[in-house]
Amino acid sequence: MPQPTAGAADYFQSYSVVGLLAVVGVLFVAVAFGAGRLLRPVVPTPEKLLTYECGVDPVGEGWAHTQVRYYVYAFLYVIFAVDSIFLFPWATVYARAGYGATTLVEMFIFLGFLAVGLLYAYKKGVLTWT
């Protein structure tokens, strides 16, 4: 059985630093929230329990209609953001020797799926601004 090398010890040491930093961050947030809960005054009154928005007293019920197309725009943004996230690693792999043709075909398949989604959105009339 091969013995771990010094490189493996350095590798796990760097993860221990990241783990320690994450624990310190979580503790910092927990202490801040705990101190805020202990130090704040708690005096609930009916005025404090009202919904408040820009100094205007609430009138009517709290439900409002939101058009679905805004969610569709958000989904389209997410699709293209994910597309751009995957394009950068692809470009770095494409530059390596021996990966050119395979990664090129894989990326065109990926872009084809995105193009089909964009074509579907166009056919449904989602991309027309009204």
Side-chain angles (χ1 to χ4, degrees):
M1 183 170 215
Q3 296 294 326
T5 62
D10 292 337
Y11 179 77
F12 288 117
Q13 167 129 13
S14 64
Y15 273 116
S16 66
V17 170
V18 171
L20 180 65
L21 186 62
V23 168
V24 167
V26 168
L27 285 174
F28 181 75
V29 171
V31 166
F33 276 113
R37 183 170 281 238
L38 290 174
L39 297 175
R40 73 175 181 220
V42 180
V43 184
T45 61
E47 290 83 17
K48 287 184 180 179
L49 298 177
L50 280 177
T51 304
Y52 176 79
E53 180 153 352
C54 299
V56 179
D57 290 332
V59 177
E61 55 184 66
W63 292 97
H65 295 284
T66 303
Q67 294 188 7
V68 175
R69 73 170 173 239
Y70 297 122
Y71 293 109
V72 174
Y73 293 138
F75 287 137
L76 287 173
Y77 170 76
V78 168
I79 287 171
F80 289 107
V82 168
D83 177 31
S84 65
I85 288 171
F86 282 121
L87 281 175
F88 288 114
W90 169 78
T92 58
V93 170
Y94 183 71
R96 292 184 187 162
Y99 288 101
T102 305
T103 53
L104 186 64
V105 169
E106 289 173 353
M107 186 48 62
F108 276 117
I109 291 171
F110 177 69
L111 291 174
F113 281 122
L114 289 174
V116 168
L118 184 62
L119 183 64
Y120 176 77
Y122 177 75
K123 291 286 187 181
K124 286 291 189 177
V126 171
L127 302 177
T128 57
W129 191 263
T130 56

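Positions are given from 1 along the sequence. Below, all heavy atoms of this structure are taken into account, side chains as well, without hydrogens, waters or symmetry copies.
Under a hydrophobic clustering in which Ile, Leu, Val, Met, Phe, Trp and Tyr are joined whenever their side-chain heavy atoms come within less than 4.5 Å, directly or via other members, L111 and V78 fall into the same cluster. Note on F108 and F110: same hydrophobic cluster, where clusters join Ile, Leu, Val, Met, Phe, Trp and Tyr whose side-chain heavy atoms are under 4.5 Å apart, directly or indirectly. In the hydrophobic cluster analysis, where Ile, Leu, Val, Met, Phe, Trp and Tyr join through side-chain heavy atoms closer than 4.5 angstrom, V105 is grouped together with F113.
With sequence neighbours excluded, the residues forming a side chain to side chain contact (heavy atoms under 4.5 Å, CB included) with K124 are Y120, V126, listed by chain and number. With sequence neighbours excluded, the residues satisfying side chain to side chain contact (heavy atoms under 4.5 Å, CB included) with V42 are R40, P44. Listed by chain and residue number, nothing satisfies the side chain to side chain contact (heavy atoms under 4.5 Å, CB included) test with I85 (two or more places apart in sequence, or in another chain).
In this structure, the side chains of L114 and L118 stay at 4.5 Å or more apart for every pair of heavy atoms.
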